[in-house]
Amino acid sequence: DQADPVRRFIAERTLTLPVAIAGSTGLDLSRQLGNLGGGLPFTAAFDSNGSAVQRRLGVVSPDLLAGWKASIR
């Protein structure tokens with residue numbers, strides 16, 4: 001997405017996770033992570049070694065994220 005809408009989204013919420021804004025480079029990265037169509041939103045979770053362990057194209061829910069967090073530990 002564009003930087004300004006992302007910044008507004010973040011400002012309207014209390015996020016306790018890092019958010020990266022990577023522009024067109026991010027689209028290339030998301031494709032490497034499995035988002036072959038380049039759709040948004042695309043979410044990836046990484047373990048402490050930096051390996052992508054979860055991926056999701058589309059909206060994520062708090063329950064889904066909590067499940068990911070529990071499975072990464």
Side-chain angles (χ1 to χ4, degrees):
D1 208 338
Q2 298 297 313
D4 287 338
V6 173
R7 287 187 184 105
R8 281 193 303 273
F9 177 87
I10 293 168
E12 294 169 357
R13 290 156 179 84
T14 302
L15 299 180
T16 58
L17 53 103
V19 175
I21 302 173
S24 61
T25 303
L27 287 176
D28 292 337
L29 177 58
S30 73
R31 286 187 177 103
Q32 292 174 27
L33 290 168
N35 182 11
L36 301 180
L40 293 174
F42 179 75
T43 304
F46 298 84
D47 66 14
S48 60
N49 296 317
S51 297
V53 293
Q54 298 287 349
R55 298 162 184 86
R56 170 81 175 219
L57 177 60
V59 176
V60 295
S61 68
D63 289 340
L64 177 68
L65 293 175
W68 286 4
K69 182 179 177 182
S71 72
I72 292 173
R73 290 184 179 188

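Here, residue 1 is the first one in the sequence, and each next residue gets the next number. Hydrogens, waters and symmetry mates play no part in the numbers below; they use all other heavy atoms, side chains included.
With hydrogens and angles disregarded, no donor-acceptor distance shorter than 3.5 Å links the side chain of Arg55 to the backbone of Asn35. Within the 3.5 Å criterion, the main-chain N or O of Ser51 finds no donor-acceptor partner in the side chain of Asn49.
Here Asp28 pairs with Arg31 under the side-chain contact (heavy atoms from CB on, under 4.5 Å) rule; sequence neighbours left out.
Taking NZ of Lys69 as the reference point, atom CD of Gln54 lies at 14.5 Å (rounded to 0.5 Å).
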Show me the donor-acceptor pairs within less than 3.5 Å that the side chains of residues 37-45 make with the rest of the protein, sequence neighbours left out.
none

Can I get a per-line list of side-chain donor-acceptor pairs under 3.5 Å for residues 13-27, giving both atom names and the distance, sequence neighbours left out?
unit_1, atom_1, unit_2, atom_2, d
Arg13, NH1, Phe9, O, 3.1

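Note: the hydrophobic cluster containing Leu64 does not contain Phe46 (ILVMFWY, side chain heavy atoms under 4.5 Å, direct or indirect links).
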